[in-house]
Amino acid sequence: MAAGGDSVAEFQQTLSAMIVQVLNNQVRKTCFDKCFGNKFADKLGKSEQVCLAKCMDRMYEAHSIVMKASAEMAQNLQLDAGK
């Protein structure tokens with residue numbers, strides 16, 4: 001029985017790592033497109049730094065909200081299934 005639990009935990013860990021990787025790639029693409037467009041300077045200016053920081057903060061905050069809502073939905077579904 002423990003082996004099954006281990007494989008589920010391993011699957012969840014792998015899935016979490018994949019989600020983080022996808023999020024990082026999406027944040028990078030979205031924020032770089034928003035803050036730089038097609039132009040890249042040798043150095044980040046103050047406005048680009050601020051833009052990237054704010055954009056990344058918003059993306060990670062949105063991800064956190066979605067993950068929390070998803071976890072709550074999954075928990076509610078489990079509770080409903082148990083009735």
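It should be emphasised that the depicted structure is a prediction, and the values quoted were computed from it without experimental measurement.
Val27 is not listed as a side-chain neighbour of Phe32, based on a closest heavy-atom distance of 4.5 Å or more. With a 4.5 Å cut-off on side-chain heavy atoms, Ile19 and His63 count as touching.
Considering SG of Cys31 and CD of Gln26, their distance stands at 9.0 Å, rounded to 0.5 Å. Annotation: the span from Met56 atom CE to Leu23 atom CG amounts to 9.0 Å, rounded to 0.5 Å. Put simply, NZ on Lys34 and NZ on Lys54 are 9.0 Å apart, with the number rounded to the nearest 0.5 Å. Summarising the geometry, atom CD belonging to Gln75 is positioned 11.0 Å from atom CG belonging to Asp80; distances are rounded to the nearest 0.5 Å.
Annotation: side-chain hydrogen bond (donor to acceptor under 3.5 Å, both in side chains) contacts involving residues 13-25, sequence neighbours excluded, comprise Asn24-Tyr60, Asn25-Arg28.
Qualifying salt bridge (charged side-chain N to carboxylate O under 4.0 Å, His left out) partners for Asp33, counting only residues two or more places apart in sequence or in other chains: Lys29.
Cysteines Cys35 and Cys55: SG-SG separation is not under 2.5 Å.
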